[in-house]
Amino acid sequence: MSAAPDRLSHPGRWLAPDTFVGRVAVVTGGGTGLGLQVSRGLAALGATVVIASRSSEHHAAFLTEARARDWKAHSVVLDVREARDVRRAAEAIAADHGPVDILVNNAAGNFVCPAERLSSNAWRAVLGIVLDGTFYCSQHFGRGMIARGEGRILNIVATYAWTGMAGVVHSASAKAGVLALTRSLAVEWARFGLRVNAIAPGPFESDGARANLWPDEETKRALEAQIPLKRFASTDEVAAQCLWLLAPVSDYVNGECLVVDGGASVGGRMWAPGTRFSRSRGTDPT
Ligand code: HXC
Ligand code: NAP
């Protein structure tokens with residue numbers, strides 16, 4: 001009996017297989033969680049993908065899969081908080097792999113801490129990764145895109161960028177800054193042929209989020225209960241929307257923030273989902 005065919009599941013499987021052929025993409029934090037899924041999708045659809053983050057251990061899974069699948073994949077050790085290192089990385093990647101077409105600002109740090117107890121270092125750690133890092137990468141990779149008259153930047157934010165959220169004032173403030181950065185650069189750099197968009201996911205499982213935000217099942221269940229769809233997204237579901245926004249099919253979308261949160265951030269909280277309206281007229285659809 002012949003071996004079962006290797007059915008590759010990746011979040012871009014809905015797009016044409018050559019969608020990103022000839023493109024060079026950089027994904028910060030591309031070795032884990034959402035960044036890993038976006039990187040897999042880009043590589044599976046033909047891009048040369050460079051993942052960039054602090055820990056080379058986090059790069060191993062993607063590089064190993066890439067070797068097995070003959071994807072064009074590379075990694076650089078980079079702390080996005082260091083502007084000089086980001087500039088050097090941008091120069092080195094362009095020299096080694098060619099001009100960068102796609103940048104995904106996905107790297108983040110987060111943890112729950114009451115605002116009144118947050119140290120200045122803790123505040124700076126998160127603001128540095130999320131807001132400074134997104135700006136430094138946008139600026140240094142963006143310069144190459146501007147020179148070529150083409151490029152796509154996608155920033156990963158969270159819906160609390162505009163709703164706010166207790167316990168994560170550092171991350172919410174940083175993501176709000178990234179949203180403003182997204183919209184500002186979308187306008188400023190459109191004349192150079194760049195598109196700058198954002199994705200705002202609701203909660204999804206990743207090692208980093210689990211460790212820092214919902215360390216036990218009970219907390220996770222409480223969060224899920226607040227989501228109209230009653231479950232977290234999968235990284236695959238969020239990554240699929242990222243790839244859609246990066247693909248040529250979205251070439252007229254600019255300055256947008258696509259919410260992927262199962263309806264959690266829209267209004268109508270006065271009555272909980274499932275409330276029975278005993279005095280209402282009409283038939284019960286269930
Ligand atoms: C309070 C904390 C803390 C915690 C760290 N600090 N963790 N304070 N509560 N749980 C403080 C430290 O004490 C220190 O301050 C300062 O923050 C810097 O800590 P370091 O460990 O030196 O920082 P660093 O090594 O740079 O690590 C960055 C990090 C870490 C952000 C703290 O958590 C990290 O690397 N995270 C990456 C993975 C991650 O967070 N993924 C989650 C993504 S989910 P002092 O004053 O002591 O020096 C997400 C959105 C979820 O972003 C949205 C859900 C809806
Ligand atoms: P994750 O797996 O913990 O990813 C975070 C990544 O950021 C890691 O790969 C980490 O790699 C990298 N990183 C952290 N600090 C860095 C730095 N200073 N320089 C370079 N890279 C750094 O988390 P995730 O849940 O997939 O999150 C991905 C994105 O989705 C983030 O922007 C996050 O804010 C957003 N988001 C997540 C959720 C959720 O529920 N999970 C919800 C909404 C939005 P290294 O450790 O190797 O540096």
Side-chain angles (χ1 to χ4, degrees), residues 26-39 50-62 75-83 85-86 89 104-134 136-137 154-161 163-176 178-179 182 198-215 219-220 223-224 226-227 231-239 241-242 257-262 264-265:
V26 173
V27 183
T28 67
T32 66
L34 176 62
L36 174 59
Q37 281 295 66
V38 173
S39 300
V50 185
I51 60 172
S53 77
R54 300 164 301 176
S55 160
S56 59
E57 281 171 30
H58 286 162
H59 304 164
F62 178 61
S75 71
V76 293
V77 171
L78 176 67
D79 187 330
V80 296
R81 290 173 285 196
E82 302 298 330
D85 295 344
V86 173
V104 183
N105 284 307
N106 164 82
N110 201 0
F111 47 81
V112 180
C113 182
E116 67 277 16
R117 283 198 249 137
L118 197 64
S119 73
S120 56
N121 276 347
W123 169 265
R124 273 263 31 102
V126 172
L127 269 284
I129 301 168
V130 175
L131 184 55
D132 299 353
T134 299
Y136 298 150
C137 290
L154 182 66
N155 299 323
I156 314 300
V157 297
T159 54
Y160 54 49
T163 64
M165 190 178 276
V168 289
V169 67
H170 44 5
S171 177
S173 304
K175 295 292 193 187
V178 173
L179 189 57
T182 303
I199 289 260
F204 58 83
E205 278 284 351
S206 73
D207 289 347
R210 196 180 311 112
N212 291 295
L213 296 163
W214 49 87
T219 313
K220 184 184 168 188
L223 289 170
E224 281 176 328
Q226 294 172 46
I227 300 170
R231 66 172 178 87
F232 283 5
S234 67
T235 50
D236 184 83
E237 286 171 312
V238 181
Q241 301 306 318
C242 294
C257 177
L258 178 61
V259 176
V260 190
D261 73 344
S265 62

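Counting starts at 1 for both ligands and their atoms, in listed order. Values reported hereafter were calculated over all heavy atoms of this structure, with side chains retained and with hydrogens, waters and symmetry mates removed.
Polar contact check, S171 against ligand 1: no nitrogen or oxygen pair lies under 3.5 Å apart. In terms of polar-atom proximity, L34 is counted as a contact of ligand 2, with an N or O under 3.5 Å from an N or O of the ligand.
Taking 4.0 Å as the cut-off, I129 counts as a neighbour of ligand 2 on heavy-atom distance. Using a 4.0 angstrom heavy-atom cutoff, M165 does not count as in contact with ligand 1. Judged by the shortest distance from any of its heavy atoms, R124 lies outside the 4.0 Å radius around the atoms of ligand 1.
Here the CZ atom belonging to R231 is positioned 15.0 Å from the CG atom belonging to L223, to the nearest 0.5 angstrom. Note that the CD atom of Q37 and the SG atom of C242 stand 10.5 Å from one another [nearest 0.5 Å].
Of all atoms in ligand 1, numbered sequentially from 1 with element shown, those under 4.0 Å from a heavy atom of R81 are 26 (O). Those atoms of ligand 1 with a heavy atom of N121 less than 4.0 angstrom away are 15 (O), 16 (C), 45 (P), 46 (O), 48 (O). For ligand 1 and S119, the ligand atoms under 4.0 Å from any heavy atom of the residue are 15 (O), 45 (P), 46 (O). Here is the list of ligand 1 atoms found below 4.0 Å of a heavy atom in G109: 31 (C), 36 (N), 37 (C), 39 (C), 40 (O). The distance from ligand 1 to the heavy atoms of A108 drops below 4.0 Å at these ligand atoms: 37 (C), 38 (C), 39 (C), 52 (O).
The option from Y160, W123, F111 that lies nearest to atom 9 (N) of ligand 1, judged by heavy atoms, is F111. Of all the listed residues (G202, A209, A158), G202 holds the heavy atom that lies closest to atom 42 (C) of ligand 2. Across S206, G33, A107, A200, heavy-atom proximity to atom 23 (O) of ligand 2 is greatest for S206. Counting only non-hydrogen atoms, the option in G208, A108, S171 that gets closest to atom 5 (C) of ligand 2 is A108. Compare F204, Y160, W214 by their heavy atoms: the one nearest to atom 27 (O) of ligand 2 is in F204. Selection from V157, L213, V126 by nearest heavy atom to atom 54 (C) of ligand 1 gives L213.
Distance remark: protein heavy atom present below 4.0 angstrom from atom 40 (O) of ligand 1.
The side chain of K175, and not its backbone, has at least one atom closer than 4.0 Å to an atom of ligand 2 (non-hydrogen atoms only; side chain from C-beta on).
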